[in-house]
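First the proteins, then the strands, lettered A, B, ... as listed; each starts at 1. Every heavy atom of this structure was used, including side-chain atoms; hydrogens, water molecules and symmetry mates were not.
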Protein chains: 2
Amino acid sequence: MNFLDAATEAIRDAGGRFTNQRRIVVELMAGSEDHFDAEELYHRAHAQDESISLATVYRTLHALEDAGLIDQHYLTRDHDRKVYEPAGEAEHYHFTCRQCHRVIEFQADEIDLLRQGLESAYGVRVDRVCMCLDGLCAECRSSGEIG
Amino acid sequence: MNFLDAATEAIRDAGGRFTNQRRIVVELMAGSEDHFDAEELYHRAHAQDESISLATVYRTLHALEDAGLIDQHYLTRDHDRKVYEPAGEAEHYHFTCRQCHRVIEFQADEIDLLRQGLESAYGVRVDRVCMCLDGLCAECRSSGEIG
DNA sequence: GTATGTGCAAAACCTTTGCTATAAA
DNA sequence: TTTATAGCAAAGGTTTTGCACATAC
């Protein structure tokens, strides 16, 4: 099932209404690559329908997050802005270049190990792992380092 | 050298003034366990000297961070608030219990491995790693689970 | 028809900053 | 005396919310 249909169904299953605004926002998400943030979605939605408000974008993001259709992350250590991405992909993490802001996604078995280690060492149950890395990507390293 | 002396010296070395307000804030940090946030420091500083403002607390935190005396982190996935801790301890990370909010600090060799793996796989230079874990601590797990 | 969603503008929240007075050196 | 710092209050930036109206079902 594609993202739009899944979203339609999830929203209706939750007793919600699949409004025109939500349809526009959801379609934009489905057509997005990797990550999107609220403002980005808002600009694009607004271009299609001037009446769409930022509040509606946020409310739609929340509805889909509650439905488990998208996940929220931060990409930078300073956590200045939330980004979202479709849920259900394999667990992965992000590295952001401090210079060109490119994002590299990667998987990390190390985190599973860490998780297990913590569960057995401390008896905790680890629910969520937030990990943001930054530094310089290969290209930016070779063309005049900063920092 | 203790924290107060180190801070005094660092601030003066940077051409700054070691004001009475800064002394109070720095003393409170030195007497703090593990983490502190701006508001917490502010309340405690304000109890000692009513005239101390939150802005001064923040500015002092920045001055010490610039001097490399404290490090800033987030403890929760939602990154709602910055916390600080004295710098120079071994690299470590934090797990926060979603129920009782206790914080468990731990070291993680897995992160070094991950870092090296990324550097060789992608040619990136990893500068900073931000990792926040949450879940339930052992105690909260045994006494009536939530979520 | 009824409950849910919308737009707007204002609030919330933590953090930063402009300005003028103050105080460290 | 000089120059950094203080306090205050206001601004910043993202995200949330109260309210009255609109709309999906």
Side-chain angles (χ1 to χ4, degrees), chain A residues 4 7-26 28 35-43 45-67 70-84 132, chain B residues 4 7-26 28 35-43 45-67 70-84 132:
Chain A
L4 177 59
T8 310
E9 188 175 305
I11 287 174
R12 291 217 170 101
D13 284 356
R17 278 110 203 244
F18 197 69
T19 63
N20 199 47
Q21 291 91 331
R22 286 185 171 179
R23 184 183 51 73
I24 290 174
V25 173
V26 168
L28 287 171
H35 316 97
F36 37 86
D37 63 34
E39 180 133 345
E40 204 176 306
L41 276 180
Y42 168 63
H43 282 314
H46 199 256
Q48 283 190 37
D49 177 347
E50 284 224 332
S51 82
I52 288 181
S53 70
L54 185 54
T56 290
V57 171
Y58 275 109
R59 286 190 275 228
T60 302
L61 284 165
H62 292 162
L64 295 177
E65 201 187 353
D66 290 346
I70 56 176
D71 286 332
Q72 175 219 114
H73 303 272
Y74 288 93
L75 293 187
T76 66
R77 200 187 76 139
D78 300 325
H79 292 201
D80 25 60
R81 166 171 297 208
K82 292 177 185 170
V83 301
Y84 301 84
C132 321
Chain B
L4 178 58
T8 310
E9 188 175 304
I11 285 174
R12 291 215 171 101
D13 284 357
R17 278 115 201 237
F18 197 69
T19 61
N20 199 46
Q21 291 91 333
R22 286 185 172 180
R23 185 185 48 72
I24 291 174
V25 172
V26 168
L28 287 171
H35 316 96
F36 36 86
D37 63 33
E39 180 133 343
E40 204 176 304
L41 276 180
Y42 168 63
H43 282 313
H46 199 257
Q48 282 190 39
D49 177 346
E50 283 225 332
S51 82
I52 289 182
S53 71
L54 185 55
T56 290
V57 171
Y58 275 109
R59 285 191 274 230
T60 302
L61 285 164
H62 294 162
L64 296 178
E65 201 186 354
D66 290 346
I70 56 176
D71 286 332
Q72 174 218 116
H73 302 271
Y74 288 93
L75 294 187
T76 64
R77 199 187 77 139
D78 299 326
H79 290 202
D80 25 59
R81 167 170 298 211
K82 292 177 184 170
V83 301
Y84 301 84
C132 322

Closer than 4.0 Å, any side-chain N/O of [X] to the OP1 or OP2 of [N]?
X: A:Tyr58; N: D:dT16; answer: no
X: A:Arg22; N: C:dG5; answer: yes
X: B:Arg12; N: C:dA25; answer: yes
X: A:Thr19; N: C:dT6; answer: yes
X: A:Lys82; N: D:dG13; answer: no
X: A:Ser53; N: C:dT6; answer: no

Identify, between B:Gly16 and A:Ile52, the residue whose nearest nucleotide on DNA chain C lies closer to the 5' end.
->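 Nearest nucleotide further toward 5': that of A:Ile52.
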Given DNA chain C, 5'-ward residue of the pair A:Gln21 and B:Gln21, judged by closest heavy atom |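 Of the two residues, A:Gln21 wins.
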How close do B:Arg22 and B:Ala63 get, heavy atom to heavy atom, and via which atoms?
->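 Minimum heavy-atom contact is NH2-CB, 4.3 Å.
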Round to the nearest Å and state the distance from [X] atom [atom1] to [N] atom [atom2].
X: B:Gln72; N: C:dT15; atom1: CD; atom2: P; value: 8 Å
X: A:Asn20; N: D:dC25; atom1: CG; atom2: C1'; value: 15 Å
X: B:Ile24; N: C:dA24; atom1: CD1; atom2: P; value: 12 Å
X: A:Glu40; N: D:dG13; atom1: CD; atom2: P; value: 18 Å
X: A:Asp49; N: C:dG7; atom1: CG; atom2: P; value: 7 Å
X: B:Glu50; N: D:dG7; atom1: CD; atom2: P; value: 12 Å
X: A:Tyr42; N: D:dG13; atom1: OH; atom2: C1'; value: 15 Å
X: A:Phe18; N: C:dA3; atom1: CZ; atom2: P; value: 23 Å

Which is true for A:Arg59 with a 4.0 Å heavy-atom rule: it touches a base, it touches only sugar-phosphate, or it touches nothing?
->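 Answer is base: heavy atoms of A:Arg59 come under 4.0 Å of a base.
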Hey, does A:Asp80 reach any base, or is it just sugar-phosphate, or nothing, if we go heavy atoms under 4.0 Å?
->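 The answer is sugar-phosphate, as A:Asp80 gets under 4.0 Å only of primed atoms, P, OP1 or OP2.
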Ignoring hydrogens and angles, are the base of C:dA3 and the side chain of A:Arg17 linked by a donor-acceptor pair under 3.5 Å?
->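 Yes, the side chain and the base share a sub-3.5 Å donor-acceptor pair.
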Before giving the answer on side chain to side chain contact (heavy atoms under 4.5 Å, CB included), spell out for B:Phe36 and B:Leu61 the whole-Å C-alpha distance, their side-chain angles and the decisive distance to 0.1 Å.
-> CA-CA 11 Å; B:Phe36 36 86; B:Leu61 285 164; 4.2 Å; yes
Verdict with supporting geometry, A:Leu28 and A:Gln48, side chain to side chain contact (heavy atoms under 4.5 Å, CB included) = CA-CA 10 Å; A:Leu28 287 171; A:Gln48 283 190 37; 3.5 Å; yes
Would you say the side chain of A:Lys82 lies within less than 4.5 Å of the side chain of A:Tyr74, judging by non-hydrogen atoms?
->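 Contact flag for A:Tyr74/A:Lys82 side chains = yes.
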Interatomic spacing from OG1 in B:Thr56 to CG in B:Leu41 - rounded to 0.5 Å =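 Interatomic distance, B:Thr56 OG1 to B:Leu41 CG, rounded to 0.5 Å: 12.5 Å.
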